[in-house]
Amino acid sequence: MEENQMPKKRNYERYLEGETMAPMQDSPYYVPQENTEAWNQDPFAAQQTNAYEQPSYQSSYQSSYQAATPAPTQNYAGLEEPVTKGEWALCYFLMMIPCVGFIMMFVWAFSSTEKKSKSNFFKVQLIFMGIIFALYLLLFLFALFMGIAFA
């Protein structure tokens, strides 16, 4: 076979033979790097020059994946504080009191000062209570008419 007809070596074959190389530009995860000489140096002597470069001793998949995905940003400015365990415990305690619990559901669901997650939870609770009440009403009316029909 001529030299240009030789089959290409796989990356692990190149690794086993001790060949080092810069990242392939035709790779979909290729990110241009400022210091490509670091790929041909001793793996433990390679220095990271920016957040996207990875040391050459990592696997090609891991370094390619990490190089192509930027680090997540920690921007919690738009998020509200979550409802604490103590607040939920108080809610469930108040829900156990017969009339107070029903009234408090409306207060928590439609109050503008309550946390959004707590308000949404109690809105859904009220919707489900309405559906169950409607089903019981239909069942009661059906039983009532069946009783009148057989009387």
Side-chain angles (χ1 to χ4, degrees), residues 8-16 20-41 43-151:
K8 292 184 178 180
K9 293 180 183 177
R10 296 187 177 134
N11 283 339
Y12 73 90
E13 291 171 344
R14 289 180 168 183
Y15 172 75
L16 291 175
T20 57
M21 59 183 186
M24 296 181 185
Q25 292 186 6
D26 59 343
S27 169
Y29 301 108
Y30 175 73
V31 176
Q33 298 180 357
E34 299 168 12
N35 185 9
T36 55
E37 291 84 28
W39 288 81
N40 295 325
Q41 293 176 357
F44 298 101
Q47 298 291 323
Q48 287 184 277
T49 58
N50 62 34
Y52 294 104
E53 281 187 345
Q54 299 297 321
S56 61
Y57 58 86
Q58 290 184 341
S59 70
S60 62
Y61 172 77
Q62 184 180 8
S63 64
S64 299
Y65 177 76
Q66 288 176 351
T69 54
T73 57
Q74 303 249 340
N75 184 8
Y76 299 115
L79 299 178
E80 68 179 7
E81 186 179 322
V83 182
T84 63
K85 294 178 194 97
E87 288 178 274
W88 282 120
L90 179 65
C91 290
Y92 279 107
F93 176 73
L94 290 175
M95 293 290 293
M96 287 189 263
I97 303 171
C99 292
V100 175
F102 187 69
I103 294 169
M104 288 306 295
M105 284 181 71
F106 282 98
V107 171
W108 290 321
F110 300 110
S111 174
S112 61
T113 59
E114 286 298 326
K115 295 177 183 170
K116 191 75 170 165
S117 59
K118 187 176 178 181
S119 175
N120 287 339
F121 175 77
F122 285 108
K123 285 177 186 174
V124 171
Q125 286 288 100
L126 288 170
I127 290 170
F128 279 125
M129 283 180 63
I131 291 171
I132 291 171
F133 178 74
L135 289 175
Y136 277 135
L137 184 63
L138 286 173
L139 184 66
F140 175 75
L141 292 176
F142 179 74
L144 182 68
F145 288 129
M146 291 304 284
I148 292 174
F150 288 117

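Quick note: numbers below take in every heavy atom, side chains included, and nothing from hydrogens, waters or symmetry partners.
Considering CD1 of Ile132 and CD1 of Ile127, their distance stands at 12.0 Å, rounded to 0.5 Å. Lys123 contributes atom NZ, which lies 13.5 Å from atom NZ of Lys118 (distance to the nearest 0.5 angstrom). One distance of note links CZ of Phe145 with CG of Leu141; it measures 6.0 Å at 0.5 Å rounding. To the nearest 0.5 Å, atom SG of residue Cys99 and atom CE of residue Met104 are 13.5 Å apart. We find the CD-NZ distance between Glu87 and Lys115 to be 4.0 Å, quoted to the nearest 0.5 Å.
For the pair Leu94/Trp108, a side-chain contact is recorded, criterion being any heavy-atom separation below 4.5 Å from C-beta on. Contact of the Glu80 side chain with the Ser117 side chain is registered, since non-hydrogen atoms from C-beta on lie closer than 4.5 Å.
The number of heavy-atom neighbours closer than 6.0 Å to CZ of Phe110, taken from other residues, nucleotides and ligands shown, is above 12.
The two residues Met129 and Met105 have their closest heavy-atom pair at SD-CE, 3.4 Å. Taking both residues in full, the closest heavy atoms of Ala109 and Ser119 are given as O-OG, 2.7 Å, listed atom of the first, atom of the second, then distance.
With Glu114 contributing its side chain and Ser111 its backbone, the two residues share no donor-acceptor pair below 3.5 Å.
Classified by interplanar angle (parallel below 30°, tilted 30° to 60°, perpendicular above 60°), the ring pair Phe102/Phe106 is perpendicular.
Ring-centre distance between Trp88 and Phe121: below the 6.0 Å cut-off.
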